[in-house]
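Read through the structure below, which is laid out as structure tokens, and then see the notes.
Lettering follows sequence order; numbering is per chain, from 1.
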Amino acid sequence: MPQRPAYNPEQIETKWQKRWMESGVFNAEFPSDKPKYYCLIEFPYPSGNGLHVGHPRSNTALDIIARKRRMEGYNVLYPIGYDAFGLPTENFAIKNKIHPAVVTKKNIDHFREQLQRLGFSFDYTREVNTTDPAYYKWTQWIFLKLLENGLAYKAEMPINWCTGCKCGLANEEVVGGVCERCGSQVVRRVKSQWMLRITKYAQKLLDGLDHVDFIDAVKTQQRNWIGRSEGAEVDFQLAGKDEKLRVFTTRPDTLFGATYMVVSPEHPLIEKFKNEIANYAAIAAYRDEAAKKSDFERTELAKDKTGVEIDGIRAVNPVNGKEIPIWVSDYVLMSYGTGAIMAVPAHDTRDWEFATKFGIPMVEVVAGGDITREAYTDIVDGVLCNSDFLNGLRVADAKKKIIDWLVEKGLGERKINYKLRDWVFSRQRYWGEPIPVVHCPHCGTVPVPESELPVLLPDVENYEPTDSGESPLAAMTDWVNTTCPRCGGPAKRETDTMPQWAGSSWYFLRYCDPHDDKAFASQEALDYFMPVDWYNGGMEHTTLHLLYSRFWHLFLHDLGLVKAPEPYQKRTSHGMILGENNEKMSKSRGNVINPDDIVNELGADAFRLYEMFMGAFDQAIPWSTNGARGCRRFLDRVWRLQDMVLPGEGYSKALTPLMHETIKKVGEDYEAMKYNTAIAAMMSLVNEFYAAGGCTREELRTLILLLSPVAPHICEEMWEQMGFGSGLAREPWPAYDEKAMKRAEVEIGVQVNGKVRGRIMVSPDLTREQAETELPQRADVQQIVGGKTIAKVIFVPGRLCNLIVK
RNA sequence: GCGGGCGUGGCGGAAUGGCAGACGCGCCAGACUUAGGAUCUGGUGCCCCUGUGGCGUAUGGGUUCAAGUCCCUUCGCCCGCACCA
């Protein structure tokens, strides 16, 4: 017999990658009569560090699904692209004086090469790149649609301002209140910015979650992020003035307990009554201090509450006419509700702490707690007291009654509030999509006509943000000075660019028809491929990217441009891969694993196999190169089975039940993303083959099919060498037969009073009734019980029996 | 702080309320071998008085014939927090 060469992944993998690429076997067909299946992974940001071992985790997981679906007869769309605008590339460009486009191209080429070495079944003919003008033309086009529909507007918003660099900073560049680069103090500075009215879609974003198959953690986090709360807006008259202060409250039932009010330091009331506020200087100083803190720091419950009472203005509680003080404190945010609250210290934890610190009186209006010790916030059991016409009512009923009363008296209205805030869409940066509008002194803000899209990002000398806080584009006078599309007079281009989120908010639509130059994608392609059937990505994208892209899709749906309201039918998440020391992988920690090194040592198949085997898919797992070597050993064992083929047709008698069980388990586990147990089942099967001295041809054939989605190269090669056919990409997925899984006897555990005392063999068909009468009679059972009287038998078919004895 | 999640051998992990530790790593022993950091076979939660023994799933309590799994408590770790992606 000629000696078969040892398993050589390098050779095999190159061979099959080339063959797949040349045959285009993984390219999605369009048009097609087949049912479609759209698998999507979050497209990577092509960082200069190259591929991270985290990318292949998600990619392999959905590659398994994509490959399995092809074997099941679907026309699969599994695309790849690059989300290439963004800060790191821009900063690299600034530092090294290289154009970001050049850096981006280099990084993408490197990423593509690394991805191709891993044998993912991507359709590379549909690759997208958010920085390609042919792509961002449509990002700009969607922005214009948002603008046209009143969903884009300009507003004064605070940005992080570095007092040293004299430029705006991303939150990430602010570390502990100072600039990451120069260490100078960072303050909040107000600037006019483009905003997207995502809040208008808050309810739709909430409702849509009821109709999609997202893992619960994602749904819950999205719901909490949107943060719907029902309550009321109530007007408090300012004492002796013709002016009202409006607050939002979720607890209007506690209105009788409102003993003071709090406005946020930025509240317009302060400037308006500047001259009547005796301690204006102190309040202004407090406001300046607050400007140094983030909302996050300001609302921390654990921190010591700070605040200043406004001396000179008081409010009147509308329900009882009592005059109450107004305070300024940074725990009230201008961005939520009305920027002012009524404080009910007896029944709100933050108000309680504040009132306790400053000695403000409390009035208990919901009985049931001890307000001398802590705020009583129970809204289920509480009953109203000290509240005139609300006394004796339960909280829910009181809420309803007081709102009706307020509405009737014209003092307030029912109101639903969302924590969700509008999306700050401007960046004062170079490396992003130019916002396609022109500012004309006569016509105001004028959109660039569609025919002039894309507004190309011009080359500039210097990518650094300017001293004025403007984008580097502002220095490009040739580009900035233009003519107004409406009146033809001199005008200036918008110099802010879009955030990186823009390009990633619709890329899954472009994949459907990536080369279209008449539309972001053709109607036919969208109708056929959308929605995405299965989208996998990181948990860290749950609240921003996932919400932003759903928002854009819902909007395009409202315009009638996409059929379904929701873009993603199913969403799952993968866990992070940590370094071998169980810490997050990072250059500074020196624990980074480079996928290339692993592929060089063990091969792409072993690498893929290990990434799927290392642990539960949705959990964070530390890397272990030894673990990966174990996966390589498994593939070596599988390879050697080619020379261990036993005679016989079909499955051998002894292994028939196990073969069918394994087919069932592997298929079901892949679908449930329980890749680790699917692989464990195949390992067990191979162990059985070795124990039997080999396997039949048919048994090996089935194993290859089951393993092929995870380790496609070795499986293709074995498929060919064994003469099973030419290429297994569209070979039917193996079937199983429940009846064939049946065994003559099964072992069950025997418990005595709940403790395991032994094991016995029983028929798999033994019923509960039979067990109750027959089992106590058996000699082996009696021996386990040891002569005691059996009072009760609890039998769980196929599992165990529990004997209760006296 | 708020929101989401996690906690099981030396390590990664497995387990529809039903025999805890599948599978892999590591380690130990044996076989084969000129050789072994290759391969194959076996063993491997902890403890002891070595048994049909005891104890074991972060902590303390509860529900149940039965709890890693369900409920409550405490502790610890991870992710997100709106200009990183």
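In this structure, A:Gln428 reaches the bases: a heavy-atom distance under 4.0 Å links it to at least one base atom across the strands shown. Within the 4.0 angstrom heavy-atom criterion, base atoms lie near A:Leu420. Residue A:Phe634 is out of contact with every strand shown, counting any heavy-atom pair closer than 4.0 Å. Note on A:Arg757: only backbone sugar-phosphate atoms sit closer than 4.0 angstrom, heavy atoms only; bases stay farther off. Among the heavy atoms of the strands, none lies under 4.0 Å from A:Arg429. When heavy atoms are screened at a 4.0 angstrom cut-off, A:Tyr45 is found touching the sugar-phosphate backbone but no base atom. Within 4.0 Å of A:Glu580, counting heavy atoms only, lies no atom of the nucleic acid at all. Here A:His541 lies in heavy-atom contact (under 4.0 Å) with a base. Among the atoms of the strands shown, base atoms are found under 4.0 Å from some heavy atom of A:Val424. No contact: A:Ala681 has no heavy atom under 4.0 Å from any strand. Contacts of A:Asp636 with the nucleic acid, taken as non-hydrogen atoms under 4.0 Å apart, are absent. When heavy atoms are screened at a 4.0 angstrom cut-off, A:Ile794 is found touching base atoms of the nucleic acid. Among the heavy atoms of the strands lying under 4.0 Å from A:Leu544 is at least one base atom, whether or not backbone atoms are also near. At a threshold of 4.0 angstrom between heavy atoms, the contacts of A:Asn687 are confined to the sugar-phosphate backbone, with no base atom among them.
In B:G9 the base sits syn relative to the sugar, since the glycosidic angle is no further than 90° from 0.
Ionic pairing of A:Glu772 and A:Lys792 is not present here: no N-O contact between side-chain nitrogen and carboxylate oxygen is shorter than 4.0 angstrom. Between A:Arg632 and A:Glu601, none of the side-chain N atoms (NZ, or NE/NH1/NH2) sits under 4.0 Å from a carboxylate O, so this pair counts as no salt bridge.
An OP1 or OP2 oxygen of B:C25 is reached within less than 4.0 angstrom by a side-chain nitrogen or oxygen of A:Arg633.
One interatomic measurement links the two molecules: NZ of A:Lys755 to C1' of B:G53, which rounds to 11 Å at whole-angstrom precision. Residue A:Tyr507 contributes atom OH, which lies 15 Å from atom P of B:A85 at whole-angstrom precision. If you measure from atom CG of A:Asn224 to atom P of B:A82, you get 16 Å, rounded to the nearest angstrom. What separates CD1 of A:Ile621 from C1' of B:G7 is a distance of 13 Å, to the nearest Å. The nearest whole Å value for the distance from the CE atom in A:Met539 to the P atom in B:A85 is 20 Å. B:U39 atom P lies 16 Å from atom CG of A:Asp643, rounded to whole Å. A straight line from CD of A:Gln222 to C1' of B:A82 spans 13 Å, rounded to a whole angstrom.
When each of A:Leu87 and A:Gly627 is assigned the nucleotide of RNA chain B bearing its nearest heavy atom, the one mapping closer to the 5' terminus is A:Gly627. Ranked by how close their nearest RNA chain B nucleotide is to the 5' end, A:Ile159 and A:Leu800 are led by A:Leu800.
Remark: aromatic rings of A:Tyr7 and A:Trp639 are close, center separation under 6.0 Å. When ring centroids are compared, A:Trp501 and A:Phe425 stay outside the 6.0 Å threshold.
Looking only at atom types and distance, the side chain of A:Gln222 has a donor-acceptor partner in the side chain of A:Arg550 under 3.5 Å away.
Partner assigned to B:U16 is none, using Watson-Crick or G-U wobble distances below 3.5 angstrom. Shown here, B:G56 forms no base pair; nothing in the strands shown gives a Watson-Crick or G-U wobble contact with both key distances under 3.5 Å. If you check B:C27 for Watson-Crick or wobble pairing at under 3.5 angstrom, you find it paired to B:G43. The nucleotide B:A85 finds no pairing partner, because no Watson-Crick or G-U wobble arrangement with both distances shorter than 3.5 Å includes it. Look at B:G3: its Watson-Crick or wobble partner, with both distances under 3.5 angstrom, is B:C79.
Ring geometry for A:Phe85 versus A:Tyr136: interplanar angle of 30 to 60°, hence tilted.
Comparing atom distances between the A:Asn676 side chain and each of B:A14, B:C23, B:A82 picks out B:A14 as nearest. Distance from the side chain of A:Val796 is smallest to B:G18 among B:C23, B:A22, B:G18. Out of B:G5, B:G13, B:A15, the shortest distance to the side chain of A:Thr677 is found at B:A15.
The ring pair (Phe, Tyr, Trp, His ring centres under 6.0 Å) test with A:Phe43 singles out one residue from A:Tyr507, A:Tyr82, A:Tyr535, and that residue is A:Tyr507.
For A:Arg759 against B:C19, a side-chain-to-base donor-acceptor contact under 3.5 Å is present. In the interface, the side chain of A:Asn802 is paired with the base of B:C65 through a donor and an acceptor atom under 3.5 Å apart. With hydrogens and angles ignored, no donor-acceptor pair under 3.5 angstrom links the side chain of A:Gln221 to the base of B:C79.
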> Do A:Thr89 and A:Thr131 pass the side chain to side chain contact (heavy atoms under 4.5 Å, CB included) test, and can you show the C-alpha distance, the side-chain angles, and the key distance before you say yes or no?
Replying inline: CA-CA 12 Å; A:Thr89 303; A:Thr131 66; over 6 Å; no

